[in-house]
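Reading through the structure tokens given below for one structure.
FYI, the numbering just counts along the sequence from 1.
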Amino acid sequence: MSTSPAGGAFVLARHGAATPLLVSEADWPGVVRAVGDLGQDIGRVTGQAATVEHGANAAQGEVVLVGTLGRSPLIDDLVRRHKLDVSGIAGQWEAAVTTIVEDPVPGIRRALVIAGADKRGTIYGVYDLSEQIGVSPWYWWADVRVPHQDALYVLPGRHVQPVPAVKYRGIFFNDEAPALSGWTKEKFGGMNHAFYTKVFELLLRLKANFLWPAMWDNAFGTDDPLNQQLADEYGIVMGTSHEEPMMRAEKEWTSGHHGAWDYATNAREIGAFWREGMERSKHYEQVVTLGMRGEGDTPMSAEANTQLLERVVADQREILKQVVNPDITRVPQVWALYKEVQGYYEQGMRVPDDVTLLWSDDNWGNLRRLPTAEERKRAGGAGIYYHFDYVGGPRSYKWLNTMPITKAQEQLHLALAYGADRLWVVNVGDGKPMEFPIEFFLDYARTPQRWDKDHLDEFTRLWATREFGPAHAGEIATAIEQYTKYNGWRKPELVDPSTFSLDNYHEADRVEAAWRTLAQRVDALADKLPADERTAYFELVQYPVDASANLVRTCITAARNAADARLGHPKANAEADEVRALFARDAALGDAYNHLLDGKWDHMMDQTHFGYVSWRDPPVNVMPAVSWIQVPQAGSLGVRAEDEEPTPKGDIPLGTIDSVANETRTLTLFDRGRTPVAYTIAADAPWLLPTRQEGTLGATEQTVVLRVDWSKLPAGTESATGTVSVRSGDGKPIRYTLRALRLPVTRENATGFVESNGYVAIEAADTTTRTADGKEADAPHWVELPDYGKTRSAMTVYPVTMASDTASAASLQYRMYLYDDGDLQLQATLAPTQNFVPGRGLRFAVSVDDGPRTVVDTLARNSKEDWARSVEDGVRRVTLPLAIARPGYHTLKIWAVDPGVVLERLVVSRGEPRPSDLGPPESFHPGHVAGR
């Protein structure tokens, strides 16, 4: 596509005129309709819409000729006369070709031909051209601007729309109250065809083909009789959710008073209900959900058994034979193995081979099961049901996007590698806040080879370029990557004042600073954007960043308020006021979103997100609790210390500072009252230097930094302990102890990670050495997943289909200097992956130096409580003992055993690392970048 003339290019529009579009009336209605959209899209870009003609005699000169093989006489005639080469697309699912044809028919000198192998192939070819000329699929759904162009030219060449990797690809509206339900009720009068046709068009522009409709008190087939008819005309394949078999909505049963939803006692009524659903939809393209769950998306009764469920499926298939097609194998069917239903399968329940097995994740983006080699032989194939939104335990998450595409790609890659490629459907909640991951999910389902782990940053940058132009695409792409990563640390509904540590590793300060810096950059960029880009920018970037940053800041400020109130710090009162202001800002941000464009998106940000105490949504946002204190007139000294270790009495330890890390410790001094307080600070060792020795405290707190002057530590001394006393007047001093440790290695000669303050923290990708299990290209080896996980990146084993091997030679090796010996421990931080291959664990092995390997199963303690903790944390932490014979250099080795293990970090320590969400900062090592 070009906006200026080029040799051999086809003129789509110039000089205020658009080339006409030609499509046969005999073609599919959805194709004819999409061609009409293309004509309008050309008008959106140039100001002059293209006319649509239906007969070759009506067009002259140059035309855009659109049609479907076997359906369009115009296209079939070109093929018959060898004017159009359809090799590579004929007979292929959803394939298409776009090319320029000279003298296609008498009276037409030149044509840009878009020919599809089937109706959606043609439709995708049409919308691909729309996107190329500058109309984003999100032009309506996210108010993305359409840049004006005076002229449009299509460059010569043959462009083939490939067969998608996944046959059926779509979304599921779920958990749609209060936001989507409130919005559709106000704007459309409910979830009727006026709403759904907007959805159908969006899906087709995204080159998707499948939909599970909204189900919370909604019934797609009966709420509006036009819903099903128009879905089929547009070209959307319909299904019904995992708990709504046979094209019937739960609402249809509960509102119809059909008796108990119990097949053991009410099979006749339920069977008749299902038959009605199939009679209503039998002429439409669909994938029929089989099986049965309990009423209200719950498990069936405890008495339910596999024999009863097999009878349910058999009876459902008999209805399909009688109503839809006697050849049952020609009726696409799916059995959703969701939650307890997977257990039925594992207990021996089976369905015929032509039924697609729809495996599910754990509702948190971790696939529970994928097909075995034997299951991959089934004619019905397999698919996945995935989640970007969820209502249920351990906590619902519905508000904003919290799925980094790095995480999604890693799991979706597994699905394809293990043959789950028949149907992919993702729960997108209300849909609107999930624009970015929705498009990635659908794009990856079509062309996964394009978006491997090493090109995800390119996907984000190209997405930002399309929506906002190239000038600021890099900044916008970075903002999208960072906010989804930060929300992936811990979903907003799980953030509370206790989430990020105030005391350890400066964690709360670091998290708040990261969000604050991102929000400031995003807000500053908003002022630089053209006016016609700011609405989309607010929806897609600024609101999710500002609102997420505001929520985290609210909770961290509430934590500081509680801590300062306990210490009697007057600052607690200002912090309480700040929490109230931040909470009010949250409401203002939501109102701003809802009232965009004169209220176009009213109710879309009605979802509550403050105040969760269980999985259920709070009915309203609830501000974190705060405390105000009474500040006495008399002043008194208060001190808060960094890395303070709890002690019942006596001196307060502040840990160890070593000569390589050369850290500092900070004391924060404050006045508990209104009268100024004088203080003195004294150290009992000449090498221990506070930045202040005395001062007076008033309304402003003061910080004192403690550092070690290594030149004053006596020569030959390896370790010394000093004490700092902080005193006010004749009061009892507060005493802090600090150990200085001079190491035999230096920053200049260190050849590995160096222990600091009792631990070595390692990012998984920062290896000293990596080894593969052979020299072949497909030999098992570790690869980096860039920007994956809680901190920087992660390591996993490729190929992901490798056989389990406890003697594998694929290793990650880390050289480290330890000044501790004896009984240490290793804490490995991993993605919360599930054991998706039955009968196998999720294992890796550990050794030190040339010692024996210890095989570790990350799921050895996979109780419900352990799983809940892992998905809440976004990681699984596994601890094992390490016996270190002597201080000095050692090599920690991590060996591949099972594929699917995703390793993010390693911490070697004496005892448990101090509690924190993100873990300690990475230890010094050669090439170390501070703060990275």
Side-chain angles (χ1 to χ4, degrees), residues 164-174 203 206 208-212 237 239-243 287-291 293 332-346 351 355-373 375-376 378-390 392 403-429 434 437-449 451-453 800-801 831-838 842 871 899-900 902:
V166 177
K167 185 172 185 178
Y168 297 108
R169 312 162 307 281
I171 65 174
F172 174 28
F173 289 116
N174 193 212
L203 289 174
L206 293 171
N209 61 10
F210 186 73
L211 178 65
W212 277 357
V237 183
T240 44
S241 72
H242 56 84
E243 69 136 345
V287 177
V288 180
T289 298
L290 302 182
R293 292 193 77 214
Q333 304 151 70
V334 65
W335 183 34
L337 301 170
Y338 180 63
K339 286 192 174 179
E340 80 288 344
V341 182
Q342 180 177 322
Y344 302 151
Y345 183 89
E346 291 167 348
V351 295
V355 178
T356 300
L357 299 180
L358 191 69
W359 301 102
S360 176
D361 66 356
D362 60 356
N363 301 306
W364 291 72
N366 308 294
L367 293 169
R368 297 173 65 203
R369 176 76 148 74
L370 288 170
T372 63
E375 290 163 347
R376 291 196 283 275
R378 299 179 69 261
I384 58 169
Y385 169 38
Y386 205 66
H387 286 76
F388 294 156
D389 162 284
Y390 179 60
M403 176 58 74
I405 63 172
T406 51
K407 165 75 173 184
Q409 189 276 341
E410 180 263 330
Q411 288 288 296
L412 300 178
H413 174 60
L414 290 177
L416 285 178
Y418 282 81
D421 60 4
R422 187 62 56 88
L423 188 157
W424 284 10
V425 61
V426 59
N427 185 329
V428 300
M434 308 295 180
I438 286 173
E439 185 159 356
F440 176 76
F441 180 89
L442 297 174
D443 267 24
Y444 191 80
R446 289 182 57 252
T447 55
Q449 67 282 359
W451 304 120
D452 63 23
K453 66 182 181 64
V800 296
T801 53
T833 313
Q834 297 292 301
N835 50 336
F836 52 88
V837 176
L842 202 65
V871 295
V902 179

Audit row: Leu358, His242, side chain to side chain contact (heavy atoms under 4.5 Å, CB included) steps and yes/no:
CA-CA 9 Å; Leu358 191 69; His242 56 84; 6.0 Å; no
Do Leu370 and Ile384 make a side-chain contact, defined as non-hydrogen atoms from C-beta onward lying under 4.5 Å apart?
yes
Between Phe440 and Trp451, does a ring pair (Phe, Tyr, Trp, His ring centres under 6.0 Å) hold up when you go through it step by step?
CA-CA 9 Å; Phe440 176 76; Trp451 304 120; 7.6 Å; no
Nearest heavy-atom neighbours spanning Phe172 and Val425:
CB-CG2, 3.9 Å
Specify whether Tyr385 and His387 have parallel, tilted or perpendicular ring planes, treating 30° as the upper limit for parallel and 60° as the lower limit for perpendicular.
tilted
Donor-acceptor check, side chain of Asn427 to backbone of Gly429, threshold 3.5 angstrom: yes or no?
yes
Residues at least two apart in sequence or cross-chain that pass side-chain contact (heavy atoms from CB on, under 4.5 Å) with Thr833, listed by chain then number, are Gln411, Ala831, Phe836, Leu842, Val902
Donor-acceptor pair, Thr356 side chain versus Gly380 backbone, under 3.5 Å?
yes
Check whether any side-chain heavy atom of Pro437 sits under 4.5 Å from a side-chain heavy atom of Tyr386, and report yes or no.
no
Considering all heavy atoms of both residues, which atom of Trp212 and which atom of Gly239 are nearest to each other, and what is their separation?
CD1-C, 3.5 Å
Roughly how far apart are Ile171 CD1 and Leu442 CG, rounded to 0.5 Å?
7.5 Å
What do the steps show when you test Leu211 against Phe173 for side chain to side chain contact (heavy atoms under 4.5 Å, CB included), and what is the final call?
CA-CA 8 Å; Leu211 178 65; Phe173 289 116; 4.2 Å; yes
When rounded to the nearest 0.5 angstrom, what is the spacing between CD in Glu375 and CG in Leu357?
6.5 Å
Tell me if a side-chain donor or acceptor on Asn209 pairs with a main-chain N or O of Arg169 at a distance below 3.5 Å.
yes
I'd like to know if the side chain of Arg368 reaches the main chain of Asp362, judged simply by a donor and an acceptor atom lying under 3.5 Å from each other, with no hydrogens or angles considered.
no
Indicate the ring-plane relationship of Phe210 and Tyr168, choosing parallel, tilted or perpendicular according to the 30° and 60° boundaries.
tilted
Under the side chain to side chain contact (heavy atoms under 4.5 Å, CB included) criterion, do His413 and Lys453 qualify, and how do the steps go?
CA-CA 9 Å; His413 174 60; Lys453 66 182 181 64; over 6 Å; no
Nearest 0.5 Å, please: how far is CG in Asn174 from OH in Tyr390?
10.0 Å
Should the ring pair Trp335 and Tyr345 be called parallel, tilted or perpendicular, given that the plane angle runs from 0 to 90° and is split at 30 and 60?
tilted
Do Leu290 and Val351 have side-chain heavy atoms sitting under 4.5 Å apart?
no
Output for pair (Leu414 CG, Gln834 CD), nearest 0.5 Å, gives 12.0 Å
Just say parallel, tilted or perpendicular for the rings of Phe388 and Phe441, cut-offs at 30° and 60°.
perpendicular
Rounded to the nearest 0.5 Å, the NZ atom of Lys407 sits from the CD atom of Gln409 at a distance of 12.0 Å
Can you tell me how far apart CG (Asp421) and CZ (Arg376) are? Round to the nearest 0.5 Å.
10.5 Å
Where is the tightest heavy-atom contact between Asn363 and Lys339, given as atom of each residue plus distance?
ND2-CE, 3.6 Å
Which atom pair, heavy atoms only, marks the closest approach of Pro371 to Ala382?
CG-CB, 3.5 Å
Note: Ala379 and Arg422 closest approach over all heavy atoms is O-NH2, 3.2 Å
Tightest non-hydrogen contact, residues Tyr338 and Ser360, listed as CD1-OG, 3.3 Å
